[in-house]
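Reminder, nothing fancy here: chain letters follow the sequence lines and each chain counts from 1.
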2 protein chains.
Amino acid sequence: MAGNTSRPGATVVSRVLALLGAFDETHRRLTLTELARRADLPVPTAHRLVGELAAHGALARTPSGEYVVGRQIWSLGVLAPVQTGLLEAASPFLHDLYAATLATVHLAVRDGTQVLYLDRLSGRRSVPVVSTVGSRLPLYPTGVGKVLLAHAPERVQVEVLSSLTRITPHTITQPARLRAQLARVRSDGYATTVEEMTLGACSVAVPVRRNEAEVVAALGIVVPSLRRDRPRLVAALQVAAHGIGRSISDGS
Amino acid sequence: MAGNTSRPGATVVSRVLALLGAFDETHRRLTLTELARRADLPVPTAHRLVGELAAHGALARTPSGEYVVGRQIWSLGVLAPVQTGLLEAASPFLHDLYAATLATVHLAVRDGTQVLYLDRLSGRRSVPVVSTVGSRLPLYPTGVGKVLLAHAPERVQVEVLSSLTRITPHTITQPARLRAQLARVRSDGYATTVEEMTLGACSVAVPVRRNEAEVVAALGIVVPSLRRDRPRLVAALQVAAHGIGRSISDGS
DNA sequence: GGCTAACCTTCCACTGAGTGGAAGGGGTGT
DNA sequence: ACACCCCTTCCACTCAGTGGAAGGTTAGCC
């Protein structure tokens with residue numbers, strides 16, 4: 001009379017990853033029921049899986065009983081080649097750049113059709129922006145994203161260009177116009193955005209090249225729309241990007 | 001005639017975490033066979049699980065076919081409360097401290113009976129040390145570890161004191177002597193080590209207190225054994241630790 | 001070329017790990 | 001006292017997971 005039919009096709013691995021994926025920037029602490037709902041799993045199933053994850057340190061419980069991402073996952077993540085070498089090499093340059101511009105500084109890589117922000121520096125006086133370390137945004141409305149898109153394989157460009165959606169009134173949604181911009185990004189060596197992601201904010205970004213060759217990341221800053229010393233900013237960015245590119249030690 | 005008996009008691013979750021746990025500081029890229037061996041799983045089982053993890057972005061494959069930790073895990077790890085607030089709040093103070101001392105700077109928390117290094121700054125001129133961001137070391141032979149141990153629950157202290165093993169000729173292995181040192185750490189407000197972890201390296205560390213209350217982390221520096229301006233170093237550390245403690249915004 | 005060795009991948013019959021509805025606490029608000 | 005929500009335990013059913021065997025691929029060596 002019991003006989004439980006689990007949704008077919010679902011594997012334990014996918015269930016576990018669905019549970020982990022329930023956490024994001026705005027949901028860092030989740031109750032069991034929220035986890036179950038967000039992962040689309042029955043509560044008892046979520047309970048058992050989450051309990052086991054917690055027993056292994058992959059998740060942790062707050063004093064109030066909510067679940068949070070555990071330290072094991074954090075120290076695992078640190079081993080990801082996303083950042084091996086790159087983040088450490090870039091750190092001093094990012095600080096110099098912040099000191100020189102007092103603008104929000106971003107270091108990002110491309111992850112599929114999104115920008116993945118690896119590091120961010122911003123002070124009290126910087127423009128508020130949506131990006132945070134570890135978060136992902138579309139490529140086309142951000143400065144670092146345009147740089148990464150301009151140097152991405154054709155296949156990726158086609159995919160991105162085919163699904164441009166408006167975010168602010170200034171977001172570029174015409175494929176032809178974006179494609180022209182990307183060509184300019186390649187020839188000029190830098191990209192700019194004007195309130196395409198956030199009203200009141202402009203950005204300037206440059207590629208980071210390993211050994212003056214392949215583009216491995218992008219370095220960008222976000223400034224208030226009224227700021228008008230772009231040439232100086234581009235110069236500062238290029239110096240920093242060049243420094244980072246020369247400091248990257250290890251491959252992959 | 002087939003009939004496969006999986007090792008009883010092993011769950012998929014534990015198998016998956018064993019696979020992920022196969023990666024560490026010195027094994028960032030692993031082949032399938034190495035993964036299977038390190039996780040103590042049959043190759044076909046490892047193959048299937050690892051393949052599924054890779055399909056979800058939890059692992060990635062290098063062009064040469066080896067597996068590495070994927071970006072999904074990295075961005076998940078960034079959400080861990082290990083660092084939420086703390087790392088960002090501490091960053092500027094760590095840089096100031098590095099500038100003031102030119103020593104390797106560490107920010108660490110206690111994870112069970114180990115130190116977990118959250119951040120590290122070191123320059124070319126710093127003493128070489130074993131710690132890296134995300135790595136764990138025993139509590140008793142490190143400066144930050146002593147601070148964290150001194151403010152840990154009695155239960156943890158007992159456990160650590162009962163298993164002191166020699167690492168260098170200077171490592172403290174007598175429980176009574178270490179216990180006396182911990183008392184001094186609490187009364188003096190700082191801890192020191194003298195070549196207990198690495199020959200040629202000494203360290204000084206202080207607690208980071210949230211709202212001048214509970215100890216949430218430790219801040220330490222590693223200097224060559226011959227350096228003798230300890231009072232100045234302690235003062236610089238305490239200023240920085242105080243600053244960090246006041247900057248921590250969000251709880252837990 | 002042929003042989004050996006090591007690694008990766010696919011196949012598939014067996015079975016116990018995983019499943020989830022049902023039911024039992026515990027807390028809080030009305 | 002009742003209603004509501006969330007967490008936890010129980011357990012009969014069954015399908016997802018398992019891993020030995022076999023085939024494929026690549027590399028090195030005589």
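Counting heavy atoms from C-beta on, the side chains of A:Leu116 and B:Trp74 come closer than 4.5 Å. Side-chain atoms of B:Leu59 and B:Phe23, non-hydrogen and from C-beta on, do get closer than 4.5 Å to each other.
Look at B:Arg15 and you won't find any side-chain N or O under 4.0 angstrom from OP1 or OP2 of D:dG17.
Within the 3.5 Å criterion, the main-chain N or O of A:Ala150 finds a donor-acceptor partner in the side chain of A:Arg186. With B:Ser135 contributing its side chain and B:Ser131 its backbone, the two residues share no donor-acceptor pair below 3.5 Å. With A:Gln114 contributing its side chain and A:Asp111 its backbone, the two residues share no donor-acceptor pair below 3.5 Å. Listed for the B:Ser14 side chain is no donor-acceptor partner under 3.5 Å among the backbone atoms of B:Ala10.
Residues of residues 30-50 of chain B that place a heavy atom closer than 4.0 Å to DNA chain C, in numerical order, are B:Thr31, B:Leu32, B:Thr33, B:Val43, B:Pro44, B:His47.
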- Task: Check the pair B:Thr113, B:Glu159 against side chain to side chain donor-acceptor pair (under 3.5 Å), reporting the backbone distance first and the verdict last.
- Result: CA-CA 8 Å; B:Thr113 59; B:Glu159 190 178 345; 4.8 Å; no
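Each of A:Val12 and A:Arg61 lies near DNA chain D, and the nucleotide nearest A:Arg61 is the one positioned closer to the 5' end.
We find that CD of B:Glu66 is positioned 17 Å from P of D:dT26, with the value rounded to whole Å. Atom pair A:Glu52:CD and C:dA17:C1' shows a separation of 10 Å (rounding to whole Å applied).
The end-to-end axis angle of the helix from C:dG1-D:dC30 to C:dT30-D:dA1, rounded to 10 degrees and based on five pairs per end, is 40°.
A salt bridge is defined here as a Lys NZ or Arg NE, NH1 or NH2 lying under 4.0 Å from an Asp or Glu carboxylate O, and A:Arg15 with B:Glu52 fails to meet this definition.
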